[in-house]
Each structure stands twice: as C-alpha cells, then as structure tokens.
Amino acid sequence: MFGNRRKPGVTDTLVGAGTVFNGLMKSEADVRIEGDYHGDIESKGSIVIGEGGVAKSNITARDVTIAGTVYGDVHTFGKLVITATGQLHGNAQSAILFVQEGGVLNGGSRMDGGDKKPAGSEIGTSVGSGASAGVGLTEKKAKQAG
C-alpha cells in the first residue's frame, strides 16, 4: 500500500481511528480504514482494514488486507489476506487467499483467477502463520495425477 504504482494526482484515503463514516466510497487509490466505516467500498487500489478498523461493507478492490473486522462480502482481483487479528464475517472471492493462524473467515470462499490473471495461472491457498502451507493448484493437480 502507498507504493509508487499510483497515477499522478491520485491521493490515498484514510479513515482514521475515532472516525465514523457512512456512505458509498469509490476510490482510484489505496484506502486504509482505522475507524468505523458503514457502506460499500470500491477501489482500483488496495484496501487495508487496520487492527482497530471495523467495516460494515461489501468491498471490491485489487487487493484487500483485513487486520480488523469486516461484516460483508469481499471481492478482490488479486489477493485477500486475513491477518492473525483479522475477522471476515461474509463471503470471500479472490485469486489468492491467505488466512494467518488466528484469523477468522466466517462465510464461504471462492478462488478464481481474477480478472487480471491469465488462464491456467497458479493459484495458492495458505493457512498458517504467514508461511505457505498449501501448494499451487497446478502442482496439486500434477501430484494427484501421478
């Protein structure tokens, strides 16, 4: 987040701790929620829900990291990371899903290649303390076949 990939003139968005915000957010840039946000969020960048952040939202973004709590569905075109302190109470759809030990996913999950991944690309799932506990889909199929 807050990397050099943004367009000139695009500013990142922060909803700070102690702030309560209601409404629809559409952003070209990265978004970080440290307060309470109620309403849908759409971003062409990344979204981070900080440890103190609570989002009652359906979220659509390139990448999403949840260290706080989200009540709603999350759709990413890249990866979804639920940290050890993170909780997602809703459905998840992403190309890559990481749930660290202690992280909570209460809902269904669907993994696909996302809109930006070529067909046949490797998709991995990791559960554990940050280390990759799973293997890529391509590798798994190869092991099952032979």
Side-chain angles (χ1 to χ4, degrees), residues 1-6 11-144:
M1 188 167 167
F2 303 126
N4 294 328
R5 294 182 285 186
R6 70 179 102 154
T11 303
D12 295 318
T13 302
L14 171 66
V15 176
T19 301
V20 177
F21 191 92
N22 293 298
L24 169 66
M25 180 187 301
K26 290 186 178 186
S27 176
E28 295 284 323
D30 296 340
V31 175
R32 184 173 186 96
I33 308 290
E34 292 290 344
D36 290 341
Y37 187 90
H38 301 232
D40 292 346
I41 304 171
E42 298 175 14
S43 175
K44 292 184 180 177
S46 298
I47 296 178
V48 174
I49 308 299
E51 283 191 34
V54 176
K56 293 181 180 176
S57 310
N58 292 316
I59 299 173
T60 302
R62 182 185 67 228
D63 297 309
V64 175
T65 300
I66 302 172
T69 306
V70 174
Y71 298 96
D73 296 339
V74 176
H75 179 248
T76 69
F77 302 102
K79 69 180 169 183
L80 169 59
V81 177
I82 302 174
T83 69
T85 60
Q87 296 183 26
L88 172 57
H89 301 279
N91 297 315
Q93 181 176 354
S94 64
I96 300 169
L97 173 63
F98 291 100
V99 179
Q100 294 180 351
E101 185 175 349
V104 175
L105 172 57
N106 284 328
S109 66
R110 177 185 169 108
M111 294 180 61
D112 57 35
D115 289 348
K116 297 181 182 179
K117 299 276 186 190
S121 66
E122 203 170 286
I123 301 169
T125 301
S126 175
V127 178
S129 57
S132 180
V135 295
L137 186 59
T138 306
E139 293 174 300
K140 194 178 284 184
K141 285 183 179 178
K143 286 182 183 177
Q144 289 174 348

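All values below were derived from every heavy atom in this structure, side-chain atoms included, with hydrogens, water molecules and symmetry-related copies excluded.
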Just how far is it from atom [atom1] of [X] to atom [atom2] of [Y], taken to the nearest 0.5 Å?
| X | Y | atom1 | atom2 | result |
| --- | --- | --- | --- | --- |
| Arg62 | Thr76 | CZ | OG1 | 10.5 Å |
| Asp12 | Arg32 | CG | CZ | 11.0 Å |
| Thr60 | Gln93 | OG1 | CD | 9.0 Å |
| Ser43 | Glu28 | OG | CD | 8.0 Å |
| Asp112 | His75 | CG | NE2 | 6.0 Å |

Inset, instruction - Take Glu34 and Thr19 through the test side chain to side chain contact (heavy atoms under 4.5 Å, CB included) and record every step on the way to the result. - result: CA-CA 8 Å; Glu34 292 290 344; Thr19 301; over 6 Å; no

Indicate every side-chain donor-acceptor pair of residues 50-58 with a distance under 3.5 Å to a residue at least two apart or in another chain.
| from | atom 1 | to | atom 2 | distance (Å) |
| --- | --- | --- | --- | --- |
| Ser57 | OG | Gly39 | O | 2.6 |
| Asn58 | OD1 | Asp73 | N | 2.9 |

Could you report the tightest heavy-atom contact between [X] and [Y], atom names first, then the distance?
| X | Y | result |
| --- | --- | --- |
| Ala92 | Leu105 | CB-CD1, 4.4 Å |
| Ala84 | Gln100 | N-OE1, 3.2 Å |
| Gly78 | Ser94 | O-CB, 3.9 Å |
| Ala61 | Gly45 | CB-O, 3.5 Å |
| Gly86 | Ile82 | O-CG2, 3.5 Å |

Inset, instruction - Quick one: list whatever passes side-chain hydrogen bond (donor to acceptor under 3.5 Å, both in side chains) with Thr83, sequence neighbours left out. - result: Thr85

Inset, instruction - Under the side-chain hydrogen bond (donor to acceptor under 3.5 Å, both in side chains) rule, collect the residues that match up with His89, sequence neighbours excluded. - result: Gln87, Asn106

Legend entry - Residues Asp40, Leu24; criterion side chain to side chain contact (heavy atoms under 4.5 Å, CB included); working and verdict: CA-CA 5 Å; Asp40 292 346; Leu24 169 66; 3.8 Å; yes

Legend entry - Exam field: side chain Asp63 to backbone Ser46, donor-acceptor pair closer than 3.5 Å: no

Legend entry - Leu88 and Leu80: CA distance, side-chain angles, deciding distance, side chain to side chain contact (heavy atoms under 4.5 Å, CB included) verdict: CA-CA 11 Å; Leu88 172 57; Leu80 169 59; 4.2 Å; yes

Inset, instruction - Check Val15, Ile47, Ile59 against Met25 for a side-chain contact (heavy atoms from CB on, under 4.5 Å) and give me the one that passes. - result: Val15

